[in-house]
Amino acid sequence: MRRDKLEALKRRGVSAFGGKFEISHDPGALKAAFEEGLAVRVAGRIFSRREMGKAAFFDIGDISGRIQVYINKKEVGDEVWEMFIKEVDIGDFVGVIGKTFVTKTGENSIHAEQLVFLGKTLRPLPDKWHGVADREIKYRQRYLDLLSNERSREVFVTRSRMVAEIRSYLSQRDFLEVETPMMQDVAGGAAATPFETFHNALGMPLYLRIAPELFLKRLLVGGFTRIFELNRNFRNEGLSRRHNPEFTMLEAYWAFADFEQMADLVEGMICHLAEKFCGGLKLEHKDEEGNVTKTIDLTRPWKRTSYRDLLRGVDEKWFDYTPEERLKRAGELGVEIGPNFEDYEVTQHVFEKLVEEKQFNPLFVTRCPKELVPLAKQNPDDDSVVDVYELVINGQEISPGYSELNDPQVQRARLMEQAGEEIQKIDEEFILALEHGMPPAGGIGIGIDRLIMMLTGAESIRDVVLFPQLKKKAGS
RNA sequence: GCGCGGGUAGCUCAGUGGUAGAGCAGUUGGCUUUUAACCAAUUGGUCGAGGGUUCGACCCCCUCCCCGCGUACCA
């Protein structure tokens, strides 16, 4: 049907897929800063049309927004009018040359003097009122979601602006953005299963990075003092509402700082984003009907509490129990424990289920057990804990921050302890770098996707990642 | 991986062991200030795939595929 119109356009001497068209305004920008009587040239896709015999209204737009156009037969001429009626469909691209005006009903619009055809759409757009509701279509064909759901457009435009703002926030504080390898010989810096690939010319396996940490620290050794990297990490693990196999991570390192300065930096940055993009520090998450389901209060200063105190809040005698008693108590508290859990892992699971997942307002968890964080410095007064924070907001870990471990001998020992059961191999090149001297430093990581979820009120990571990973459909 | 829910027209959704439905989109006609335009008519289906039960299956049973939620894995 629409293909027939391609032929009709050709007969009319009109290029079905258009070309250059100079514009004076983006549709949304024109609508936002409307001024009457302006000569304008606007291009966009037609999203709806209302015909009335010899005149019509239609809406054109793009990611910037939409604006209404008025067109009538007498002014554009019979030829263009006939093309508009017979060959132009919802979804097609057109250019409009005309003047801005306000309709009887008060709608800021463009009065078309000329209409230029700029591109044919061979398939119909989704329902104009409901948009795309099918999750699978939203994720597999994100373009249809963006075209038909205002909310999705908002989230992704906001994400883009927030990421740009993070970069500018850090560069204003003299942090330099750097790029380190995504393909690594040893996938270090975290404990996660990596994706494996193979380099033919070098004849060696390579791993997609699970974290940039060990390379960023090499740069501290090399004399950089304030650096960050904001890019993708890859982890070959399960998918969930909070996990996508590739996700965006910010890591920043600051020489001669410690984890508390890093906490201040992160607190300041997240509050800045909330004030700039979310209208303040009280965030409301809403369901599809617009009812408030959750409120997150980012008012400063954010609480800083030790890991052990938080667990004592669950059970004040938690650390007085024997490991066997803790295992039993975890069961009583309804926390499922795997078969070969170490004692600290039992405690960590109780922490995750009964503290982390219930914590919506920001909380810096400090003095975490050293087993959990082998790349951080031990506390000088109690070497069973490390000088770190784990920032929890919205029931999720949003950001860890460390006083970075820079003693190569201790670092090797700590990684060896860890490597026992984990697959992690020691990155000898990293240890070698540390032996050349890494300055004391603070470091942070921020899971950007989860941060965006928290700030935009998205329930699933798939709603803040443009193309989330899905299973390949049979036959496609 | 396991458990629960889902897959019906391009989109949003109803539906029943006995001829497959609505709204929007599309098509045709009418209408020169509409905005979920309106009025009239009309086209459109592998009911996720395959097998089974039945006189008859979109519906019941089995297997598989995909999506969602939960769970497991996850510094």
Side-chain angles (χ1 to χ4, degrees), chain A residues 1-2 4-5 47-59 66-76 81 85-86 89-91 101-109 111 121-141 144-145 147-149 188-194 210-211 213 233 235-245 247 336-339 344-345 348-349 352-353 368-376 386 388 390 397 400 402 414-415 417-419 421-424 445 459-460 462-463 468 470-476:
Chain A
M1 193 79 69
R2 290 190 173 216
D4 297 340
K5 293 180 182 178
F47 285 99
S48 61
R49 50 192 285 163
R50 296 169 288 284
E51 287 172 34
M52 290 158 300
K54 296 189 179 59
F57 288 92
F58 61 92
D59 298 318
R66 292 173 188 184
I67 191 161
Q68 177 173 266
V69 178
Y70 172 75
I71 182 170
N72 75 52
K73 187 178 179 181
K74 207 168 147 190
E75 287 164 349
V76 297
W81 180 257
I85 293 299
K86 293 199 170 152
D89 287 309
I90 287 176
F101 80 116
V102 181
T103 65
K104 269 189 197 168
T105 53
E107 176 87 7
N108 294 340
S109 311
H111 193 127
T121 298
L122 294 179
R123 292 177 190 264
L125 259 36
D127 189 288
K128 66 179 173 189
W129 188 239
H130 301 96
V132 176
D134 186 312
R135 304 286 234 171
E136 195 171 349
I137 298 177
K138 278 172 78 85
Y139 302 148
R140 284 190 201 278
Q141 294 176 277
L144 294 179
D145 177 44
L147 287 172
S148 64
N149 296 100
T193 311
I210 55 178
E213 177 154 357
N233 286 349
R235 296 187 183 177
N236 201 345
E237 278 155 9
L239 287 74
S240 82
R241 225 155 36 122
R242 296 175 207 82
H243 300 262
N244 195 56
F247 61 100
E336 275 185 57
I337 299 299
Y344 76 87
E345 291 176 302
Q348 174 64 4
H349 262 247
E352 283 173 9
K353 297 291 169 196
C368 296
K370 74 173 195 310
E371 293 84 356
L372 296 173
V373 202
L375 297 166
V386 280
V388 301
E390 292 284 346
E397 184 193 325
Y402 309 164
R414 297 271 301 281
L415 286 174
E417 280 169 33
Q418 178 87 14
E421 286 188 29
E422 308 290 341
I423 313 160
Q424 168 140 354
E459 288 299 313
S460 169
R462 296 182 190 101
D463 294 324
L470 297 180
K471 209 159 176 174
K472 186 187 167 91
K473 276 200 117 160
S476 65

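Chain identifiers are assigned alphabetically (A, B, ...) following the order of the sequence lines, protein sequences preceding nucleic acid strands; residue numbering begins at 1 within each chain. Reckoned from all heavy atoms, side chains included, excluding hydrogens, waters and symmetry mates.
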Requested in this report: To the nearest Å, give me how far apart CG (A:Asp463) and C1' (B:G68) are.
Outcome: 11 Å
Query raised in the report: With a non-hydrogen cut-off below 4.0 angstrom, is A:Leu470 in contact with a base, only sugar-phosphate, or nothing?
Result: sugar-phosphate
Requested in this report: Please state whether the phosphate of B:C67, meaning OP1 or OP2, lies under 4.0 angstrom from any side-chain nitrogen or oxygen of A:Arg140.
Outcome: yes
**Report entry** A:Phe58: partners by ring-ring contact (aromatic ring centres under 6.0 Å, His included), with sequence neighbours left out
**Finding:** A:Phe84
Query - Residues that A:Pro124 engages under side chain to side chain contact (heavy atoms under 4.5 Å, CB included), provided they are two or more places apart - result: A:Arg2
Query raised in the report: Which one is paired to B:A57, where only Watson-Crick or G-U wobble pairs with both distances under 3.5 angstrom count?
Result: none
Query raised in the report: With rounding to whole Å, what would you report as the distance between B:C61 and B:G21 at their C1' atoms?
Result: 27 Å
Report task. Return yes if the base of B:G26 and the side-chain atoms of A:Asp89 contain a donor-acceptor N/O pair under 3.5 Å, otherwise no. Result -> no
Requested in this report: Check whether any side-chain nitrogen or oxygen of A:Lys86 sits under 4.0 Å from OP1 or OP2 of B:G26, and answer yes or no.
Outcome: no
Report task. Could you check which nucleotide pairs with B:G10 in any of the strands shown, counting Watson-Crick or G-U wobble with both distances under 3.5 Å? Result -> B:C24
Report summary line: Which of B:C24, B:U32, B:C69 is nearest the side chain of A:Arg135? It is B:C69
Report task. Please step through salt bridge (charged side-chain N to carboxylate O under 4.0 Å, His left out) for the pair A:Lys86 and A:Asp4, ending with a clear verdict. Result -> CA-CA 11 Å; A:Lys86 293 199 170 152; A:Asp4 297 340; over 6 Å; no
Query - Partners passing side-chain hydrogen bond (donor to acceptor under 3.5 Å, both in side chains) against A:Asp59 (at least two apart in sequence or in another chain) - result: A:Ser48, A:Arg50
**Report entry** Atom-to-atom span, CG of A:Asp4 to C1' of B:U43 - whole angstrom
**Finding:** 14 Å
Requested in this report: Select base, sugar-phosphate, or nothing to describe what A:Phe101 touches, counting heavy atoms under 4.0 Å on all strands.
Outcome: base
Query raised in the report: Starting at the 5' end of RNA chain B and moving along, which residue's nearest nucleotide shows up first, A:Gln68 or A:Leu239?
Result: A:Gln68
Query raised in the report: Looking at A:Arg123, A:Lys5, A:Arg49, which one forms a side chain to side chain donor-acceptor pair (under 3.5 Å) with A:Asp89?
Result: A:Lys5
Query - A:Glu417 side chain vs A:Glu371 backbone, donor-acceptor pair below 3.5 Å - result: no
Query raised in the report: Is the base of B:U34 touched by the side chain of A:Thr103 through a donor-acceptor pair closer than 3.5 angstrom?
Result: yes
Requested in this report: Once you apply the 3.5 Å cut-off to both distances, tell me the Watson-Crick or G-U wobble partner of B:C64, or none.
Outcome: B:G48
Requested in this report: Go through B:U34, B:U12, B:C11 for me and flag the one nearest to the A:Pro126 side chain.
Outcome: B:C11
Requested in this report: Quick one: label A:Arg123 by what it contacts on the DNA or RNA (base, sugar-phosphate, nothing), any heavy atom closer than 4.0 Å.
Outcome: nothing
Query - A:His111: partners by ring-ring contact (aromatic ring centres under 6.0 Å, His included), with sequence neighbours left out - result: A:Tyr70, A:Phe101
Query raised in the report: Given atom NE2 of A:His243 and atom C1' of B:C74, what is their separation to the nearest angstrom?
Result: 6 Å
Query raised in the report: Using purine N1 to pyrimidine N3 plus N6-O4 or O6-N4 for Watson-Crick, or N1-O2 and O6-N3 for G-U wobble, both under 3.5 Å, which nucleotide pairs with B:G3?
Result: B:C69
Requested in this report: Could you tell me whether the phosphate oxygens of B:G68, OP1 or OP2, come under 4.0 Å of any side-chain nitrogen or oxygen in A:Arg241?
Outcome: no
Requested in this report: Could you check how far NZ of A:Lys5 sits from C1' of B:A25, rounded to whole Å?
Outcome: 11 Å
Query raised in the report: Across the strands shown, which category fits A:Lys471 at heavy-atom distances under 4.0 angstrom: base, sugar-phosphate, nothing?
Result: sugar-phosphate
Query raised in the report: Which part of the nucleic acid does A:Leu144 contact within heavy-atom distance under 4.0 Å: base, sugar-phosphate only, or nothing?
Result: nothing
**Report entry** Within-4.5 Å side-chain heavy-atom neighbours: A:Phe47 and A:Leu125
**Finding:** yes
Query raised in the report: What integer distance in Å separates A:Ile67:CD1 from B:U35:P?
Result: 18 Å
Query raised in the report: What's the closest nucleotide to the A:Asp127 side chain, out of B:A75, B:U12, B:C74?
Result: B:U12
Query raised in the report: In this structure, which one of A:Asp134, A:Asp463, A:Asp145 forms a side chain to side chain donor-acceptor pair (under 3.5 Å) with A:Tyr139?
Result: A:Asp463
Query raised in the report: Below 3.5 Å, does any donor atom in the side chain of A:Tyr70 face an acceptor in the base of B:U34, or the other way round?
Result: no
Query raised in the report: CZ of A:Phe47 versus P of B:U34: gap in Å, rounded?
Result: 23 Å
Any N/O pairs under 3.5 Å between the protein and nucleotides 37-40 of chain B? List them or say none.
residue: B:A37; atom: OP1; partner: A:Lys128; partner atom: NZ; Å: 2.1
residue: B:A37; atom: OP2; partner: A:Arg50; partner atom: NH1; Å: 3.4
residue: B:A37; atom: N7; partner: A:Glu51; partner atom: O; Å: 3.3
residue: B:A37; atom: N6; partner: A:Glu51; partner atom: O; Å: 2.3

Query raised in the report: Atom OH of A:Tyr139 and atom C1' of B:G68: how far apart are they, to the nearest Å?
Result: 8 Å
Requested in this report: Identify the nucleotide, in any strand shown, that forms a Watson-Crick or G-U wobble pair with B:C31, with both distances under 3.5 Å; if there is none, say none.
Outcome: none
Report summary line: As its Watson-Crick or G-U partner within any shown strand, both distances under 3.5 Å, B:A37 has none
Query - Distance, rounded to the nearest Å, where A:Asn233 contributes CG and B:A75 contributes C1' - result: 13 Å
Report task. Identify which nucleotide among B:C66, B:C74, B:C13 has an atom closest to any side-chain atom of A:Glu136, counting heavy atoms from C-beta outward. Result -> B:C66
Report summary line: Contacts of A:Asp127 meeting side-chain hydrogen bond (donor to acceptor under 3.5 Å, both in side chains) (sequence neighbours excluded), chain-then-number -> A:His130
**Report entry** Options B:U71, B:A25, B:C69, nucleotide nearest the side-chain atoms of A:Arg462
**Finding:** B:C69
Query raised in the report: Any idea which of B:G68, B:A25, B:U33 is nearest the A:Ile90 side chain?
Result: B:A25
Query raised in the report: A:Lys138 near the nucleic acid: base, sugar-phosphate alone, or nothing, with a heavy-atom cut-off under 4.0 Å?
Result: nothing
Query - Base partner of B:C74, which must satisfy Watson-Crick or wobble distances under 3.5 Å - result: none
